[in-house]
Amino acid sequence: MAGAVERLGYIGVGASDLPAWEEFATNVLGVAIHERGEDGTLFLRHDKNHYRIAVHPDPADDLMYIGWQVANDAALDAVRARLGEHGVAFSEGGADLARTRRVADLITLSDPSGVTTEISHSPLMDYANPFHSPRPVRGFVTDDQGLGHMVISVDDYEASQVFYREVLGMRVSDYIERPVGERTMRILFLHCNPRHHSIGFGSGAGRGKRLGHIMLQVTNLDDVGSTYDICFERGIADTTIGKHPNDKMISFYLHSPSGWLFEYGYGARTVDDEVDQVERFTVISEWGHLRPEGGRYGDRRQAAS
Ligand SMILES: [Fe+2]
């Protein structure tokens, strides 16, 4: 699809406690601190890209920007044309921001919730210093599937659906609908490559924060188990290990130092636009994802939404 985003390239978050993040990233997630910015920003890395998650000093402890990636300069021109056709305003990122983000060129715009959305091409790869997990975790699933996935809370579900589907060109994988009292809670899962979803969103999905969770997918089930053990011992596991009905991921959720969650998973299925049909689910988990205080992952936010 001309002008559609192709991968989740990078994410920027703000954090009030950077030393806690450095310790957490290294000893829990098993991702590397690849570089430090002059302001203390931590550039976290879990594959050959220079970085995937930038943790900036910021008291909000929440999402700052989402970086979508396209293949090359021609593809970014196609994005500009597509945005123009939809009458969506955007700005050129400029050379300074491109240097900061370690990309060749980028544009910036806002999603309907006001989330800074950046679209770029040609991210910096670092083969001079190959990625080695500091824990060590064997490896993460990235490449043509992007860095992982994220779930965010949006202010206007319908406007967000128009933006991510029609403007950014992402496709629906499936959605989960659950009746909550008089209302129906919906989370929509969208893909832009074989990863089942690169973004999911719903109203009230973030428990008071824009960012609900970031998912990192490892290449070996044992690394989910060993990471769960660390989180259990530290008291930062939000759920037990469980399995989702839509992407078939075996995963668990854990607390980041900023309050929002990571999902740490293995074994997700991929999707194919030629084959897959959109499905609808009424539960978030096939089994597991149990919470220590009772209930399953998602129960609390449904009660609050
Ligand atoms: Fe997830």
Side-chain angles (χ1 to χ4, degrees), residues 7-11 13 28-29 31 46 52-53 62-63 66 68 115 140-142 145-154 157 160 164 170-178 185-207 209-219 221 223-224 227-228 231 236-256 258-271 278-291 295-302 305:
R7 299 179 188 182
L8 182 56
Y10 58 82
I11 299 171
V13 298
V28 178
L29 297 179
V31 307
H46 61 276
R52 289 297 200 170
I53 300 172
D62 205 349
L63 179 64
I66 303 174
W68 298 102
V115 173
F140 294 85
V141 177
T142 59
Q145 296 189 38
L147 77 86
H149 74 227
M150 62 192 306
V151 170
I152 63 171
S153 173
V154 297
Y157 181 88
S160 299
Y164 284 98
M170 301 183 74
R171 283 80 70 197
V172 175
S173 301
D174 45 46
Y175 50 102
I176 294 174
E177 283 185 340
R178 293 188 71 170
M185 185 215 66
R186 250 187 219 99
I187 303 178
L188 184 68
F189 298 91
L190 297 161
H191 65 271
C192 55
N193 57 51
R195 190 182 291 282
H196 175 275
H197 58 283
S198 292
I199 193 166
F201 61 76
S203 298
R207 294 188 283 189
K209 289 186 185 288
R210 180 67 66 196
L211 185 50
H213 70 262
I214 294 174
M215 188 286 302
L216 301 180
Q217 184 174 339
V218 290
T219 57
L221 180 60
D223 289 329
V224 176
T227 306
Y228 179 78
C231 294
I236 60 170
D238 186 63
T239 70
T240 60
I241 293 172
K243 185 176 183 181
H244 289 303
N246 57 348
D247 64 4
K248 302 298 181 188
M249 179 92 71
I250 294 174
S251 65
F252 73 99
Y253 293 83
L254 63 141
H255 292 271
S256 79
S258 291
W260 50 267
L261 303 178
F262 270 91
E263 181 181 9
Y264 209 84
Y266 166 79
R269 74 181 176 98
T270 54
V271 293
V278 174
E279 296 177 326
R280 191 157 50 98
F281 300 89
T282 59
V283 294
I284 292 175
S285 305
E286 278 184 37
W287 52 264
H289 293 142
L290 298 170
R291 308 189 67 247
R296 287 181 200 273
Y297 177 73
D299 288 351
R300 182 169 53 194
R301 76 166 167 245
Q302 287 166 42
S305 64

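For ligands, and for the atoms within them, numbers begin at 1 and follow the listed sequence.
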Mind checking whether the Fe ion (ligand 1) has an N, O or S of His213 under 2.8 Å?
-> yes
His149 and His196: aromatic ring centres closer than 6.0 Å?
-> no
So, for Tyr175 and Phe281, is the gap between ring centers shorter than 6.0 Å?
-> no
Any side-chain donor near an acceptor of the partner, His289 and Glu263, under 3.5 Å | no
Output the atom name for the N/O/S atom of Glu263 with the smallest distance to the Fe ion (ligand 1).
-> OE1
Of all N, O or S atoms in His149, the one closest to the Fe ion (ligand 1) is NE2
Can a donor-acceptor pair be found between the side chains of His244 and Tyr297 at a distance below 3.5 Å?
-> no
